[in-house]
Amino acid sequence: MGKERVAFMANVITDETIDYVGILAKLELSGEEKEAAKKDMARMLDYIDQLNELDTAGVEPMSHVFPATNVFREDVVTNGDGRKEALANAPARKDDSFVAPRTFHE
């Protein structure tokens, strides 16, 4: 016969904890909302306790469910700098630069 799961509720959340979380989250909770939040937090912590019971020996830690691989490629120039093509249409040029009229006079 298998083990039956009993509701934990071992994690008791105090009013002080709820007040502190409310301050951190900048929430103003009514008495009813505080009681509901206490129960919700206790259930969440109980679920985490339940997960901690799992045998994870031999399971490699991971950051993603799916395998992640590096998608970066080698930084190799494939098309050149295009300097000659750009200067080919210049109305005036000097060495490897465009020549343009002065816009600032002293």
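One-based numbering along the sequence shown. Predicted, not measured: the structure shown is a model, and the values here were computed from it.
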Query raised in the report: Are D40 and R43 close enough, and set up right, to give a salt bridge (Lys or Arg N to Asp or Glu O under 4.0 Å), and what steps lead you there?
Result: CA-CA 5 Å; D40 288 344; R43 278 197 303 264; 2.4 Å; yes
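Counted within 6.0 Å of CG on D75, heavy atoms from surrounding residues, nucleotides or ligands total 12 or fewer; the atom is thus considered open.
Between V21 and M41 the shortest heavy-atom distance is CG2-CE, 4.1 Å. The heavy-atom pair separating F98 from A86 by the smallest distance is CZ-O, 3.6 Å. Smallest separation of non-hydrogen atoms from K94 and V99: N-CG2, 3.5 Å.
For D55 (side chain) and A57 (main-chain N/O), a donor-acceptor pair under 3.5 Å exists by modelled atom type. The main-chain N or O of L87 is found under 3.5 Å from a side-chain atom of R93 such that the two form a donor-acceptor pair. Panel note: side chain S30, backbone E33; a donor-acceptor pair is recorded below 3.5 Å.
K38 NZ to D15 CG: the interatomic distance, rounded to the nearest 0.5 Å, is 3.5 Å. From I13, atom CD1 reaches atom CD of E35 across 11.5 Å, with rounding to the nearest 0.5 Å. Here D81 contributes atom CG and E85 contributes atom CD; the two are 8.0 Å apart, rounded to the nearest 0.5 Å. For the atom pair CD1 (I23) and CD (E28), the distance works out to 10.5 Å, reported to the nearest 0.5 Å.
Two different hydrophobic clusters hold I18 and V12 under the rule that ILVMFWY side chains link at heavy-atom gaps under 4.5 Å. The hydrophobic clustering, which links ILVMFWY residues whose side-chain heavy atoms are closer than 4.5 Å, places Y20 and L45 apart.
Ion pairing between a basic and an acidic side chain is recognised when a charged N comes within 4.0 Å of a carboxylate O; R83 and D96 show such pairing.
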